[in-house]
Structure formats: structure tokens, C-alpha cells
Trainee: 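The structure follows.
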Amino acid sequence: MQNRKTALVTGATSGIGEACARKFAAGGYDVIITGRNSQKLEFLKEELESAGTRVKVLVFDVRNADDARKAVGSLGEEWSRIDVLINNAGLALGLESEYEGDPEDWNTMIDTNIKGLLTMTRLIVPGMVSRNEGHVINIGSVAGDAAYAGGSVYCATKAAVKVISDGLRIDVADSAVRVTNLKPGLVETNFSVIRFKGDTSRAENVYKGIIPLTGADIADVAFYAASAPKHVQIAEVLILATHQANGTVVKRSLED
Ligand code: NDP
Ligand code: 8X3
């Protein structure tokens, strides 16, 4: 039991988080899958367990620091040594200009993408530092590299993820804890459906004319980073679809 490793994934009910849970489970980790939708988490647990993985479900909203603390605090000795924390839960809401955006959407993005990530880091990294091992993988975004039209607050949250990752890397540099910021480009998940509040045809247009990344593509990179030799710290990775050059330049084929 001592040699087994544990990964905790936030937002494991969909997209990149779900793919990370599957990838780390397939790679021999025990997984703690967290999210708000208990039914989806239980389905995933059943599936992963039937393939031989040990799975723990924690249901909480990362915006609620008390609930997050209680959930993490409820982990018994068997589960409390977390080797890899994947701070994935996050979202974009809306694509309005900054002067027309909905402040409620801004609050939700800031509370989830920045404060939720910090809450989880604060709860889990002290154990890593005291054991002198562990790995934090933050899901940032190409959106954190530069603003795009209508995305300023989302982009700001992902720029914050980059700086928070860089700051944590400094703060743990005297330990063997590693910090990775993954910056995906266009990944076809539920992301755009959420951004456009259920408008699926608008969401589909985001990925038209290119072959977008999948959650599994990002999970592969996360797993690679976690599997690197102990002296290797993959600090940051920008992962783009082949016809995407940055956050704004995408060459779409006409026939698609
Ligand atoms: P999905 O919408 O498919 O998944 C988002 C996940 O985050 C869901 O499990 C969702 O749970 C969870 N989540 C959202 N809010 C909360 C919350 N308050 N508490 C707990 N869980 C929450 O999108 P992706 O998989 O694409 O997004 C995952 C991460 O990747 C996000 O941080 C996103 O910003 C980032 N990203 C996505 C890119 C893309 O193009 N798709 C590109 C770059 C980065 P629930 O089902 O309960 O809402
Ligand atoms: C998600 C990628 O370009 O849609 O972070 O903002 S993008």
C-alpha cells in the first residue's frame, strides 16, 4: 500500500478533469475525484473501480472554502497522502466586452478559477511540503498569455493561475515539491457550452474547421509531467491544436 500514489483531481465530472482521473487511474494511481455532481462522480468511481483502481469521491464546490476544508479533512489516513493535486475545476462565462459583462459571471470565474484553486493549494500543499514530495498541476490556459475580445476576466483568471503557479514554485523551491502550469488551447469539452450558457450551436462553432484537442490530450501531458524523473520539473506547457497558433490565431479549413 505504501508504494501506491494518490492523485486528487478537482472538477472530475467532465472534460479535462475526468480525462485526468481516467489517465492517472490507468497509470496506477489511486484517485480522489472531486466535484459538485455526486451522481457523475459515483458513475466514474464505479467505472474506475471495476478496472481495479481505488477511488474516493469528495463532493464539494471549490468556491466554498469551508466545504472544501471539511471534505479534505474527512480523508482518513489511507487517503490523506496526496502525491498529485490537479487543480482543474474552472470555467469561462460569457464573451461580452469588459464594459458590458455581467459582474455575477466575473465573480463566479474569479471565485472558481482563482480562489478555488488557492483554497485547494492551501489545504493540500502543506502535507506535500512536510513529506518533501508531491506535485501540483494547475490547469491554466493559453488565455492567460494575452487577452482576447470579450475574454478579459477569464483571461485574467488564467494569467493569475500562471502567476500563482510561479509563486508557489518559488515558495516550495527548497522542497522536492514540483509545480506545473498546463496551458491548453482549444479543447472540446463542456467548456464552451458552459461559457455560452447552454447554446450548443454557438459552442460547436468554437471548434469548427479545426481538429480540437481533447481532454485526454491534456491528461497525457499532465501524466507525463507527473511521471518525469524527480529531478525534472515541467514548469509550464502550452498545448495547442495544430492549426491554432495562440489565443487568437486559428486557421480553420473551409470544408469543415
Ligand atoms: P468542462 O466544463 O468540461 O469541465 C469543467 C469542470 O470543472 C467540471 O467538472 C465542472 O463541474 C468543474 N467545476 C466548475 N466549477 C466548479 C466549482 N465551483 N466547484 C467544483 N467543480 C467545478 O471544461 P474543461 O474540462 O474544458 O475545463 C477544465 C479546466 O480547463 C478549466 O479550468 C478550464 O478553464 C480549463 N481550460 C479549458 C480549455 C478548453 O478549451 N476547454 C482550455 C484551457 C483551459 P460541474 O459539472 O459541477 O460544473
Ligand atoms: C480555454 C481556451 O481560448 O477558449 O481556456 O479561452 S480559450
Side-chain angles (χ1 to χ4, degrees), residues 8-23 33-41 43-44 57-65 67-68 71 86-95 105 107-120 137-162 164-165 181-198 200 202-207 210 212-219 221-222 237-241 244-250:
L8 185 151
V9 185
T10 67
T13 53
S14 173
I16 295 170
E18 183 177 345
C20 284
R22 290 182 200 284
K23 180 73 188 180
I33 50 176
T34 84
R36 297 181 288 189
N37 185 324
S38 57
Q39 199 182 23
K40 281 192 188 167
L41 291 171
F43 281 141
L44 182 59
V57 166
L58 294 179
V59 182
F60 63 93
D61 184 321
V62 294
R63 290 172 297 172
N64 188 323
D67 286 355
I86 304 182
N87 271 320
N88 161 79
L91 77 173
L93 289 171
L95 204 55
D105 287 349
N107 287 336
T108 303
M109 289 187 276
I110 291 166
D111 288 350
T112 311
N113 301 358
I114 304 178
K115 290 157 84 177
L117 178 145
L118 281 170
T119 293
M120 296 307 295
I137 299 178
N138 289 330
I139 306 299
S141 173
V142 65
D145 285 356
Y148 56 73
S152 63
V153 174
Y154 176 68
C155 293
T157 67
K158 292 302 182 178
V161 171
K162 188 238 179 325
I164 287 166
S165 304
N181 180 29
L182 295 187
K183 305 190 301 183
L186 292 166
V187 189
E188 192 162 15
T189 60
N190 219 25
F191 177 84
S192 293
V193 177
I194 300 288
R195 164 169 254 169
F196 299 125
K197 302 176 180 173
T200 47
R202 198 173 171 198
E204 277 164 19
N205 273 336
V206 173
Y207 311 104
I210 58 157
L213 299 164
T214 64
D217 294 325
I218 308 309
V221 181
V237 187
L238 175 65
I239 310 139
L240 300 174
Q244 177 174 20
N246 58 33
T248 49
V249 177
V250 181

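Remember, it's 1-based here, ligands and their atoms both numbered in the order they're listed. The first residue in the sequence is number 1, and the count goes up from there.
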Trainee: Give me the nearest non-hydrogen protein atom to atom 9 (O) of ligand 1 as residue plus atom name, then the distance to 0.1 Å.
Mentor: T13 OG1, 2.6 Å
Trainee: Check each of V187, N138, V62, V142 against atom 40 (O) of ligand 1 and report the one with the nearest heavy atom.
Mentor: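 Looking at heavy atoms only, the winner is V187.
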Trainee: Of all heavy-atom pairs between K158 and S141, which one has the smallest distance, and what is that distance?
Mentor: CG-CB, 3.6 Å
Trainee: Nearest protein heavy atom to atom 5 (C) of ligand 1, by residue and atom, and its distance?
Mentor: G90 O, 3.7 Å
Trainee: If I take atom CE from residue M109 and atom SG from residue C155, how far apart are they, to the nearest 0.5 angstrom?
Mentor: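 The CE atom of M109 sits 9.5 Å away from the SG atom of C155.
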Trainee: Test your reading of the model: is there a side-chain donor-acceptor pair from T10 to the backbone of T34, 3.5 Å cut-off?
Mentor: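 Side chain of T10 to backbone of T34, a donor-acceptor pair under 3.5 Å: no, none is there.
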Trainee: Please report which non-hydrogen protein atom sits nearest to atom 12 (C) of ligand 1, along with the residue it belongs to and the distance in Å to one decimal place.
Mentor: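 Ranked first by proximity to atom 12 (C) of ligand 1 is G11 CA, 3.7 Å.
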Trainee: Any side-chain to backbone donor/acceptor pair from N37 onto K40? Under 3.5 Å, distance only.
Mentor: yes
Trainee: Which ligand 1 atoms, with their elements, are less than 4.0 angstrom from a heavy-atom of I139?
Mentor: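 Reading through ligand 1 atom by atom, the close ones are 29 (C), 30 (O), 35 (C).
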Trainee: Please confirm whether G185 approaches ligand 1 to less than 4.0 Å, judged on its heavy atoms.
Mentor: yes
Trainee: At a 4.0 Å threshold, what atoms of ligand 1 neighbour a non-hydrogen atom of G140?
Mentor: 43 (C), 44 (C)
Trainee: Does the side chain of T108 reach to within under 4.5 Å of the side chain of R63, using non-hydrogen atoms?
Mentor: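 With C-beta onward as the side chain, the pair touches.
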Trainee: Could you tell me which residues satisfy ring-ring contact (aromatic ring centres under 6.0 Å, His included) with Y154, sequence neighbours excluded, listed by chain and number?
Mentor: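 By the ring-ring contact (aromatic ring centres under 6.0 Å, His included) rule, Y154 matches F191.
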Trainee: Before signing off on this row, confirm whether I16 and ligand 1 have an N or O atom pair separated by under 3.5 Å.
Mentor: yes
Trainee: What protein heavy atom lies closest to atom 24 (P) of ligand 1? Include the residue and the distance to one decimal.
Mentor: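 For this ligand atom, the closest protein heavy atom is T189 OG1, 3.4 Å.
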Trainee: Please list, in number order, the atoms of ligand 1 under 4.0 Å from a heavy atom of G15.
Mentor: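 Near G15, the atoms of ligand 1 are 3 (O), 25 (O).
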Trainee: I need the N246 CG to L238 CG distance, nearest 0.5 Å.
Mentor: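 Output value for this atom pair is 9.0 Å.
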Trainee: Under 4.0 Å from a heavy atom of D61: give me the atoms of ligand 1 that qualify, with their elements.
Mentor: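 Selected atoms, number and element: 17 (C), 18 (N), 19 (N).
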Trainee: What are the two closest heavy atoms between R195 and L95, and how far apart are they?
Mentor: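 Scanning both residues completely, I find the closest heavy atoms to be CZ-CD1, 3.7 Å.
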Trainee: Report yes if K40 has an N/O atom closer than 3.5 Å to an N/O atom of ligand 1; otherwise report no.
Mentor: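 No, since none of the N or O atoms of K40 sits under 3.5 Å from an N or O of ligand 1.
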Trainee: Using a heavy-atom cut-off of under 4.0 Å, does the side chain or the backbone of K158 touch ligand 1, or both, or neither?
Mentor: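 Side chain only.
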Trainee: Give the residue and atom name of whichever protein heavy atom lies nearest to atom 43 (C) of ligand 1, and the separation in Å to one decimal.
Mentor: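 For atom 43 (C) of ligand 1, the nearest protein heavy atom comes out as P184 O, 3.3 Å.
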Trainee: Using the side chain to side chain contact (heavy atoms under 4.5 Å, CB included) rule, take K183 and D145 through it: C-alpha gap first, then chi angles, then the decisive distance, then the call.
Mentor: CA-CA 9 Å; K183 305 190 301 183; D145 285 356; 2.8 Å; yes
Trainee: Is ligand 1 under 4.0 Å from a heavy atom in the side chain of N190, in the backbone, in both, or in neither?
Mentor: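 Both the backbone and the side chain of N190 come within reach of ligand 1.
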Trainee: Of all the heavy-atom pairs spanning A89 and N113, show the shortest one and how long it is.
Mentor: O-OD1, 4.4 Å
Trainee: Do me a favour and list the nearest non-hydrogen protein atom to atom 13 (N) of ligand 1 with residue, atom name and distance?
Mentor: A89 CB, 3.9 Å
Trainee: For L44 versus A12, what's the shortest heavy-atom pair and its separation?
Mentor: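 Between these two residues, the closest heavy atoms are CD2-O, 3.5 Å.
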Trainee: Between CG of L182 and CG of N138, what distance do you get to the nearest 0.5 Å?
Mentor: 8.5 Å
Trainee: Between D67 and R36, is the salt bridge (charged side-chain N to carboxylate O under 4.0 Å, His left out) condition met? List the steps.
Mentor: CA-CA 11 Å; D67 286 355; R36 297 181 288 189; over 6 Å; no
Trainee: For atom 31 (C) of ligand 1, what is the closest protein heavy atom, and at what distance to 0.1 Å?
Mentor: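 Answer, as residue, atom name and distance: N88 O, 3.2 Å.
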Trainee: What short N/O contacts, under 3.5 Å, does ligand 2 make with the protein, listed by atom pair and distance?
Mentor:
from	atom 1	to	atom 2	distance (Å)
ligand 2	5 (O)	S141	OG	2.5
ligand 2	5 (O)	Y154	OH	2.5
ligand 2	6 (O)	Y148	OH	2.5

Trainee: Can you name the nearest heavy-atom pair linking I33 to L41, along with the distance?
Mentor: CD1-O, 3.4 Å
Trainee: Does at least one non-hydrogen atom of T112 fall below 4.0 angstrom from an atom of ligand 1?
Mentor: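 For ligand 1, residue contact (heavy atoms, under 4.0 Å) with T112 is present.
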Trainee: Report the nearest protein non-hydrogen atom to atom 48 (O) of ligand 1: residue, atom name, distance rounded to 0.1 Å.
Mentor: R36 NH2, 2.7 Å
Trainee: Is there any N or O on Y207 that sits under 3.5 Å from an N or O of ligand 1?
Mentor: no
Trainee: Would you kindly say whether T214 and D217 are connected by a side-chain donor-acceptor distance under 3.5 Å?
Mentor: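 Yes, D217 and T214 have a side-chain donor paired with an acceptor closer than 3.5 Å.
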Trainee: On a heavy-atom basis, which atom in Q244 and which in V142 lie closest, and how many Å separate them?
Mentor: NE2-CG1, 4.2 Å
